[in-house]
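Notes follow once the structure below has been shown.
Sequential numbering from 1 along the given sequence is applied to the chain's residues.
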Amino acid sequence: MIKLARYKKNPILKPNPRNMWESKAVFNPGAALKDDKIYLLYRAVGEYNTYISRIGIATSRDGFNFKRISKKPIIKPGRKYDKWACEDPRITRIGDTFYITYVALSQRIRKGGKPTYETMHLLNSQTALITTKDFVRFRRRGIITPKNSDNRDVVIFPEKINGKFAIIHRPHRWCKNWLKDPLSKKIKVKMPVPKKYLPRKPAIWISFSDDLKKWEDHKLLIWPTHEEDEKTGAGPPPIKTDKGWLLIYHHVKKNKGGIVYTARAALLDLQNPSKIISKTPYDILSPQKKYESKGDVDNVVFPTGAVVKNGILFVYYGAADKTCCAATIKLGRILDELVSLASAGPACGARA
């Protein structure tokens with residue numbers, strides 16, 4: 001059994017009271033390595049009444065000590081589709097271009113008060129794309145997820161698979177639970193497979209495209225199977241290794257204390273990433289520290305960024321929707337564990 005090792009001086013980024021837009025919370029950071037420097041794009045909240053999210057930037061040489069390099073958000077609401085929020089950036093490098101996916105909300109999250117888990121997930125989230133080569137100039141590419149799918153946790157593979165772009169995503173409405181919701185009678189959602197093949201709750205899917213706009217060949221990858229499981233979703237973009245695609249993902253369950261977000265790992269086949277080689281049947285990181293168990297949303301570790309530097313896997317995550325944190329493990333160690341799990345028996349396919 002393996003565990004990610006938390007950085008002893010976590011959190012690595014905290015809210016900054018000097019800048020209104022990031023004064024309440026900074027969390028769920030995407031990460032990328034460029035010129036031996038780690039770039040962190042983090043989600044920031046400055047007002048609780050409307051809860052508008054923007055995206056800030058920080059950099060580091062050692063992966064732990066980050067310095068903000070802009071007093072202003074580098075990505076903020078600016079289009080009709082994201083006028084209420086730009087959330088949870090993930091970063092993929094393909095060639096010399098960085099592809100940044102983020103959750104775009106065209107609807108107000110709240111107007112005073114604290115939203116419930118249920119009301120938050122009735123939002124029709126979409127995922128938008130921005131590209132950059134230098135983290136200075138950014139080009140908006142618009143919405144890339146299927147209409148009305150309520151789609152988050154979208155990550156792009158760092159290279160094409162059989163000539164096509166590939167994404168892992170979590171369409172919240174592609175499940176049987178959505179079909180039981182009264183809203184499903186009003187909001188028409190095109191399902192990728194017949195109802196009998198849908199998961200019971202929101203799950204991880206893999207899909208392919210020629211243009212990063214029209215997606216096809218949708219396959220279910222990892223889905224909740226136990227009664228206490230609520231959903232699964234991708235963390236950082238997949239990392240290519242000689243053993244397969246390494247995927248860190250989040251697993252959500254409900255217990256007597258409420259909702260708990262944890263992190264797990266899976267290994268996908270290099271040529272056919274729709275095939276799971278193995279995955280950890282246990283959490284590799286779970287809320288234990290106070291900064292993870294108490295915050296704007298309690299009991300959350302939410303991995304969104306990862307880089308490999310000098311053989312070490314750095315995983316960046318949001319803690320309790322309040323701060324940015326880091327955890328590490330030797331890349332070889334996590335791969336050895338996943339290979340060992342594969343040799344012990346067949347992968348649990350779609351089990352969370």
Side-chain angles (χ1 to χ4, degrees), residues 1-6 153 155 157-159 161-162 166-170 175 197-207 218-255 260-288 292 301-308 310-317 327-352:
M1 184 177 291
I2 59 168
K3 297 290 182 182
L4 298 181
R6 293 172 179 81
D153 307 319
V155 294
F157 279 75
E159 63 181 50
I161 307 295
N162 299 320
I167 60 166
I168 290 173
H169 57 132
R170 206 278 310 289
C175 66
Y197 297 119
L198 289 172
R200 185 167 57 92
K201 294 183 178 181
I204 297 174
W205 295 72
I206 185 170
S207 304
H218 308 285
K219 292 183 174 66
L220 196 55
L221 194 63
I222 302 173
W223 70 76
T225 56
H226 300 96
E227 185 61 31
E228 68 272 18
D229 293 343
E230 286 295 309
K231 57 185 176 180
T232 58
I239 296 171
K240 189 177 185 180
T241 76
D242 59 352
K243 306 297 183 183
W245 292 104
L246 173 62
L247 177 68
I248 306 296
Y249 66 97
H250 66 261
H251 172 263
V252 185
K253 63 182 178 182
K254 183 181 289 187
N255 60 24
V260 180
Y261 279 75
T262 64
R264 296 187 177 186
L267 195 64
L268 311 179
D269 186 83
L270 282 178
Q271 280 70 48
N272 179 17
S274 304
K275 176 185 176 182
I276 297 175
I277 297 172
S278 68
K279 52 190 177 54
T280 58
Y282 57 83
D283 301 326
I284 61 172
L285 188 69
S286 59
Q288 293 178 1
E292 299 164 344
V301 295
F302 194 78
T304 42
V307 300
V308 177
N310 299 324
I312 303 296
L313 173 67
F314 289 76
V315 177
Y316 298 99
Y317 65 98
T328 60
I329 191 172
K330 289 183 179 179
L331 180 62
R333 188 175 177 215
I334 193 170
L335 292 176
D336 286 346
E337 173 71 355
L338 288 164
V339 170
S340 176
L341 287 168
S343 62
C348 297
R351 287 183 181 271

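- Between I239 and V308, the closest heavy-atom pair is CG2-CG2, 4.1 Å.
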* Begin from the C-alpha positions of L221 and Y249 and carry the test side-chain contact (heavy atoms from CB on, under 4.5 Å) through to its verdict. => CA-CA 12 Å; L221 194 63; Y249 66 97; over 6 Å; no

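- Taken to the nearest 0.5 Å, the CD1 atom of I206 stands 4.0 Å off from the CZ atom of F157.
- Taken to the nearest 0.5 Å, the CD1 atom of I334 stands 6.0 Å off from the CG atom of L4.
- Within 6.0 Å of CD in E227 there are 12 or fewer heavy atoms belonging to other residues, nucleotides or ligands.
- Within the 3.5 Å criterion, the main-chain N or O of I167 finds no donor-acceptor partner in the side chain of S207.
- Atom CG of D269 is separated from atom CH2 of W245 by 11.0 Å, given to the nearest 0.5 angstrom.
- At most 12 heavy atoms of other shown residues, nucleotides or ligands fall within 6.0 angstrom of atom CG in N162.
- Here the CZ atom belonging to F314 is positioned 12.5 Å from the CD1 atom belonging to I329, to the nearest 0.5 angstrom.
- Contact check for I312 versus L331: no side-chain heavy atoms found under the 4.5 Å cut-off.
- For the atom pair I2 CD1 and D283 CG, the distance stands at 11.5 Å (nearest 0.5 Å).
- The residue from K201, R170, K253 that alone fulfils the salt bridge (Lys or Arg N to Asp or Glu O under 4.0 Å) condition with E230 is K201.
- No side-chain N or O of T232 forms a donor-acceptor pair with one of H251 less than 3.5 Å apart.
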* Asked: Given H250 and Y317, is the side-chain contact (heavy atoms from CB on, under 4.5 Å) satisfied, shown in steps?
  -> CA-CA 10 Å; H250 66 261; Y317 65 98; over 6 Å; no

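- Side-chain polar atoms of K3 and Y282 form no donor-acceptor pair below 3.5 angstrom.
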* Asked: Going through the distances and angles, do L338 and K243 end up as a side-chain contact (heavy atoms from CB on, under 4.5 Å)?
  -> CA-CA 9 Å; L338 288 164; K243 306 297 183 183; over 6 Å; no

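- Rounded to the nearest 0.5 Å, atoms OH (Y261) and CG (L285) are 15.0 Å apart.
- Between L247 and A234, the closest heavy-atom pair is CD1-CB, 4.5 Å.
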* Quick one: do I284 and V315 satisfy side-chain contact (heavy atoms from CB on, under 4.5 Å)? Show the steps, please. => CA-CA 11 Å; I284 61 172; V315 177; over 6 Å; no

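- When all heavy atoms of D229 and P224 are compared, the closest pair comes out as CB-CB, 3.4 Å.
- Counting all heavy atoms, side chain and backbone alike, G244 lies closest to T241 at O-OG1, 2.7 Å.
- At a threshold of 4.5 Å between non-hydrogen side-chain atoms, the residues P287 and T262 count as touching.
- Listed here is the closest heavy atom pair of P238 and I168: CG-CD1, 3.9 Å.
- K240 pairs by the side-chain hydrogen bond (donor to acceptor under 3.5 Å, both in side chains) definition with E159, not counting sequence neighbours.
- Judged by distance alone, the side chain of K279 and the main-chain N or O of R264 form no donor-acceptor pair under 3.5 Å.
- Summarising the geometry of I222 relative to A203, their closest heavy-atom pair is O-CB, 3.4 Å, with the distance given to 0.1 Å.
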